[in-house]
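First comes the structure, then the notes that go with it.
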Amino acid sequence: MLKLSLVNQLRSTYKRCLAGQSLQANVADSEYSAQPVYPEIQDPSFKARKQRDAADWHEEIRQVPTVEEKLIKINIPRYYGYKVVDFNDSKIPYNALPLTQHYTRTVLEDLPPLPGSQVVDQGDQPKPSEDASFKTVREDVIEALEFAHDYYKHQEKLPNSAQPSAVEREQILTQIIVEQLNRALLQALSEDHKHLDEVEVDYNPRHEAFWAVGGVDPPKNVINSKKGREWQKDMANESVDRLVQYTGTPYLSLRHRRQLSPWKTTAESENIELSKQIPRFKHDPRTLGYSTKHQHATNVPGYWPKGNEQNFGLLSFQSRAHLQLRPKSYGESDLQEALHSLAIKSSYAWLLAQANYNGFNTYNELTYPMNTQTVITNGREWSFYEYQLNTLLLHGKYQEDNPRVNFCRGTKPLPLYAEISTNGKCVDFNDATLRQLLNFYANVPSIQRSNEEQQPYVASDISAYENPEQRDFIAKTFKYLASNRPRHLELPEVYLWEKLYKIDNNNRAMEAKRRFFTLDVNPWRRTLDQHDKVYVPRAIRGKSRENRYKKTYYP
Amino acid sequence: MRLTKTLCAQHIGWHFKKHWLVQGKRVPKETGAVAELLKLGVQVKNPEDLLNGKVERKIVDIVGTRVNTIPEDSSHPDWHSTVCHSYSDNNVLIGGLPQAQVLTNCIEIQTFPKQIEDVIASQQLPNSIDKSIRHAILASHVLDAEQVKLPKVRLPERPAFNLPRSYGISHERVNRLLVNKLLHETEKLAGRSVSIRRKLIDNATFKTSINKDGDLLGFSINAEKVIFANRAIEAVKGKFEGDLPDLYPMKTTISIPKHHIYQTDNFYPLRTDISCSHPHTIFTVFNKNLVKNAHGSGVTTSQLQARTLIKAFVVAAARARQLHGDSVEGALPKPIVVQSVQTDGRTFHFGVLQLNTLDLSANNPSKNYWFHRQNYDLFSECSYEAGRTHLTNYNGDVFRIFNAFYNN
């Protein structure tokens with residue numbers, strides 16, 4: 001029957017063709033198409049398959065509906081956390097700038113001089129009123145500075161107080177100065193600049209960010225391992241992605257509901273030539289003095305997601321106290337480079353963390369630029385930086401192909417005052433530095449996007465989930481990962497004698513195979529969801545045997 | 001016990017050893033030679049002094065990894081023979097508010113001064129303020145991203161049970177953020193005209209010591225946030241009468257630890273010649289894990305209120321000593337008014353102290369004034385459970401009092 005019907009169909013088609021009719025007529029209601037549609041031809045090579053798998057995973061992350069689940073999803077491949085390069089705000093080794101630029105894909109420029117007096121003449125506001133308001137701010141700031149110094153000096157007279165180190169002393173004094181100045185400026189400026197009324201102030205917030213960087217030479221163990229396999233020998237020297245984790249605590253940061261407007265256009269940001277000119281640091285970051293550690297990927301811009309309306313950074317005050325620990329022999333120019341790299345990495349990391357709360361991450365590209373302003377200070381010297389984040393794709397092939405670049409522009413350290421005299425008066429106050437600072441405060445965040453535009457990859461919010469068990473699971477897992485607390489059981493370890501007598505030389509062949517390396521298990525490959533489920537006791541679940549274990553809701 | 005024949009055998013070696021021991025410690029017999037020699041005027045010396053002469057060893061001062069601890073005995077440079085009752089941040093007055101009153105010679109008035117009461121009743125706050133305050137509470141209690149190991153939680157019904165340690169925002173940080181955010185909101189409302197006359201300081205130390213009825217009282221306290229103003233708060237108008245409570249049979253200094261090592265100097269965190277140096281309001285944090293009764297029981301409401309009073313008193317006394325010299329006694333030329341707020345992040349206790357006299361003796365007719373009301377809860381519960389934030393029973397009155405205190 002089946003064969004006959006097929007033959008009949010063929011025959012009718014043939015007849016129609018003979019009659020000069022087109023085949024198209026019957027296409028719509030059949031499973032055949034006129035033009036054959038073949039599936040995409042896929043490269044079956046190992047490398048291509050690997051890339052495809054990675055791209056699929058990135059797409060999966062993009063599809064995950066909520067911010068928290070996205071951040072859990074990134075962590076799923078590693079139960080014990082990723083091996084990350086420890087980027088922090090307290091250690092900047094010698095010659096750190098090329099590496100920082102490479103790892104953040106940043107073009108460094110000089111901050112253009114302030115519009116200053118010549119523009120004010122043409123501006124809407126007449127000069128006298130501008131000057132009068134500046135004068136009041138100047139007085140307030142000087143008073144706040146003198147007060148901070150006076151208080152600090154008086155505090156040092158306290159008997160029996162422990163002697164803090166030079167770094168701690170600078171941090172304590174700068175914290176006082178920054179808080180006093182911020183308060184004075186917010187009050188003095190909020191009359192003219194209404195956006196400062198909506199600002200949220202974070203005191204010593206927690207800034208963390210995680211990202212992947214490509215274009216770095218592979219480490220020795222990876223090369224050796226690849227050389228050991230015949231079919232991977234050719235790829236042994238190809239670069240592998242490095243994962244970077246930034247942790248920092250600025251003195252103070254200001255957040256706002258709206259975004260700062262970008263100062264580079266899209267055309268300027270997409271420049272493949274420019275992206276090729278960014279310095280590349282191909283050596284292992286450990287060669288410079290960075291260390292590595294194992295930890296879960298965390299992205300925290302100082303608060304928990306969805307809690308706040310103030311989702312965009314306005315200004316952050318970074319510490320330069322740890323630069324004191326650098327040897328003097330590094331020289332002046334390296335100190336300047338260290339400041340640049342501190343500004344670049346702290347701004348990038350903070351913006352990346354904010355981007356994470358809007359649904360983007362190191363694998364899912366931004367759809368709009370993000371901006372922030374950064375001040376590095378020790379109370380006396382102030383360096384001002386502006387940063388524009390255009391791209392987050394730095395891993396794998398994007399290191400070469402991505403035309404977008406990030407921009408940072410900054411100044412040299414400018415003194416706010418020469419010194420505080422013995423009678424507590426501020427000597428040689430520098431108006432230019434204050435104007436620069438005022439300019440940062442007066443920069444109005446004006447961009448507000450619709451929800452879909454702002455968070456194109458975020459479909460939902462965990463508080464909107466109806467299942468309380470699921471909400472609880474996601475919230476707890478998210479906080480657990482972010483805390484990076486030690487695991488309950490110790491990490492698996494190969495003892496040195498085992499390395500000698502069991503791995504390198506098979507001297508104990510008759511021994512029972514119980515250790516993970518004899519069972520051919522790689523504990524570092526354990527994924528986050530490979531764990532025993534939580535048992536629900538009878539008293540809670542009743543007599544049924546069905547829900548004996550708590551469900552998990554890993555994305 | 002079995003009755004057997006006694007064994008009379010003796011170990012001869014053992015006896016020889018014992019004999020040797022006894023004979024080895026022979027006491028030289030008095031021969032009378034010493035007396036004869038002394039008679040002839042010859043000096044006699046002890047042979048042991050000649051053979052094992054005393055050698056004075058030099059003490060070499062080695063730079064070690066840590067500073068040698070100074071022994072806490074009479075050789076300590078700060079050792080005094082008179083004992084001092086030293087009150088510090090973690091002490092609790094067991095007698096509660098009555099003890100604090102007697103200690104500071106304060107009469108209690110269960111309302112705020114009239115000017116503050118008027119401001120609380122009449123102030124006009126914008127409608128959006130409650131929303132901002134709710135946000136401030138959530139931002140400091142729940143939404144801040146700090147994660148540090150929190151103190152152990154014990155279940156009273158199962159005290160040996162070890163719960164998993166939780167990670168979250170530390171108590172110090174919750175309070176620091178909350179007070180900062182509330183102040184930020186207040187200053188926004190007040191505007192520059194008021195806030196330019198105030199200065200804020202974190203973690204200020206105040207020290208003073210006072211004689212009371214023959215007892216030396218030493219105070220050393222820390223205020224987590226202090227507002228200084230460029231003008232002192234005016235003394236409260238009107239005269240208030242009242243009696244000090246009777247503590248009998250307790251002594252006023254009970255439960256304040258006694259020390260021999262102390263310093264009696266006065267410390268106020270700012271110099272007098274700064275424009276904003278007058279104490280205005282102090283904010284202190286009550287952490288139940290640090291502040292405990294000596295016997296371990298919980299701190300009662302009355303004890304908590306006593307703490308607010310004592311802190312205000314120390315600030316006022318330190319200021320008085322700074323202004324009028326360390327030797328000032330008795331009535332002050334101008335009363336010093338200090339506002340004091342204590343919080344544990346949820347409960348607030350507001351009080352105003354007017355220091356009229358530094359003479360704390362029981363028979364002094366003039367008294368200091370302590371204005372306060374009962375404790376207020378800012379909310380009953382603030383938590384983050386199952387992905388949602390909860391803030392229940394928010395009490396808007398607290399911010400109204402807070403605002404009135406700031407603007408006073």
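All chains are named by letter (A, B, ...) in the order of the sequence lines, taking the proteins before the strands, and each is independently numbered beginning at 1. Any value given below was found using the heavy atoms of this structure, including those in side chains, with hydrogens, waters and symmetry copies removed.
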What verdict does the side-chain contact (heavy atoms from CB on, under 4.5 Å) test give for A:Ser190 and B:Lys188, after you've listed the backbone C-alpha separation in whole Å, the side-chain angles of each residue and the deciding distance to 0.1 Å? CA-CA 9 Å; A:Ser190 59; B:Lys188 263 199 281 187; over 6 Å; no
Tightest non-hydrogen contact, residues B:Gly387 and A:Ser463, listed as O-CB, 3.4 Å
Between A:Arg183 and B:Asn180, do the side chains contain an N or O donor and an N or O acceptor separated by less than 3.5 Å? no
Whatever's closer than 4.5 Å to a heavy atom in chain B on A:Leu196 counts as neither
Examine whether an atom of A:Glu191 lies under 4.5 Å from a heavy atom of chain B, and if so say whether it belongs to the side chain, the backbone or both; otherwise answer neither. side chain
Residue part contacting chain B, namely of A:Tyr465, when any heavy atom lies under 4.5 Å: backbone
Enclosure of B:Glu72 CD (heavy-atom neighbours >12, cutoff 6.0 Å): no
Would you mind reporting whether A:Gln310 and B:His135 have side-chain heavy atoms less than 4.5 Å apart? yes
Under a 4.5 Å heavy-atom cut-off, does chain B meet the side chain of A:Val201, its backbone, both or neither? both
Using non-hydrogen atoms and a 4.5 Å limit, figure out which bit of B:Asp273 sits close to chain A: side chain, backbone, both or neither. neither
Region of B:Leu138 in contact with chain A, defined by heavy-atom distances below 4.5 Å: neither
Is chain B contacted by the side chain of A:Thr249, its backbone, both, or neither, given a heavy-atom distance below 4.5 Å? neither
What part of A:Ala148 lies closer than 4.5 angstrom to a heavy atom of chain B: side chain, backbone, both or neither? neither
A:Glu466 with B:Arg388: basic N within carboxylate O range, under 4.0 Å: no
B:Ala386 versus A:Pro468, closest heavy-atom pair with distance: CB-O, 4.1 Å
Part of B:Val148 lying under 4.5 Å from any heavy atom of chain A: neither
Interface check, chain A: of B:Glu385, B:Arg165, B:Lys149, B:Glu187, most non-hydrogen pairs under 4.5 Å belong to B:Glu187
Hey, could you give me the CG/CG distance between A:Asp197 and B:Leu189, rounded to the nearest 0.5 Å? 9.5 Å
Looking only at non-hydrogen atoms, find the nearest pair between B:Asn203 and A:Tyr151 and report the distance. O-OH, 3.4 Å
What part of B:Lys199 gets within 4.5 angstrom of chain A, counting heavy atoms only: side chain, backbone, both, or neither? both
Tell me, please, whether A:Tyr203 has B:Lys181 positioned over its six-membered ring: NZ or CZ under 6.0 Å from the ring centre and within 45 degrees of its axis? no
Okay, B:Leu270 and chain A: the region with an atom under 4.5 Å from a heavy atom over there is both
Heavy-atom pair with the smallest gap, counting every atom of B:Ala204 and A:Gln155: CA-NE2, 4.4 Å
Do B:Arg271 and A:Asp150 meet the salt-bridge criterion of a basic N to acidic O distance under 4.0 Å? yes
Which bit of A:Glu469 comes within less than 4.5 Å of chain B, counting heavy atoms only: side chain, backbone, both or neither? neither
Rounded to the nearest 0.5 Å, what separation is found between the CD1 atom of A:Ile172 and the CG atom of B:Asp202? 12.0 Å
Heavy-atom nearest pair, B:Ala145 first then A:Tyr303, reads CB-N, 3.7 Å
Can you establish whether the number of heavy atoms outside A:Lys293 located under 6.0 Å from its atom NZ is more than 12? yes
A:Gln180, A:Glu208, A:Lys476: which one forms the most heavy-atom pairs within less than 4.5 Å of chain B? A:Gln180
Engaged part of A:Phe147 at the chain B interface, taking heavy atoms whose separation is under 4.5 Å: side chain
What part of A:Ser483 is in contact with chain B, defined as an atom under 4.5 angstrom from a non-hydrogen atom: side chain, backbone, both or neither? both
Could you tell me if A:Arg485 and B:Gln147 have a donor-acceptor pair between their side chains, going purely by distance under 3.5 Å? no
Check this for me: does any side-chain nitrogen of one of B:Asp144 and A:Arg206 sit under 4.0 Å from a carboxylate oxygen of the other? no
Applying a strict 4.5 Å limit to non-hydrogen atoms, the region of B:Tyr384 in contact with chain A is side chain
Given that the side chain runs from C-beta out, which part of B:Ser195 has a heavy atom under 4.5 Å from chain A: side chain, backbone, both or neither? both
Is A:Asn204 in contact with chain B via its backbone, its side chain, both, or neither, using a 4.5 Å heavy-atom distance? both
Is there a side-chain contact between A:Thr136 and B:Arg192 in this structure, where contact means two heavy atoms from C-beta onward sitting under 4.5 Å apart? yes
Pick one of side chain, backbone, both or neither for B:Arg173, based on which atoms fall under 4.5 Å of a heavy atom in chain A. side chain
Would you say that more than 12 heavy atoms from the other residues, nucleotides or ligands in this model lie under 6.0 Å from the CZ of A:Arg487, or not? yes
Non-hydrogen atoms of chain A under 4.5 Å away: do they reach the side chain of B:Ser277, the backbone, both or neither? neither
Can you tell me which portion of A:Lys153 sits under 4.5 Å from chain B's heavy atoms? Options are side chain, backbone, both or neither. neither
Side chains of B:His184 and A:Glu200: donor-acceptor distance under 3.5 Å anywhere? no
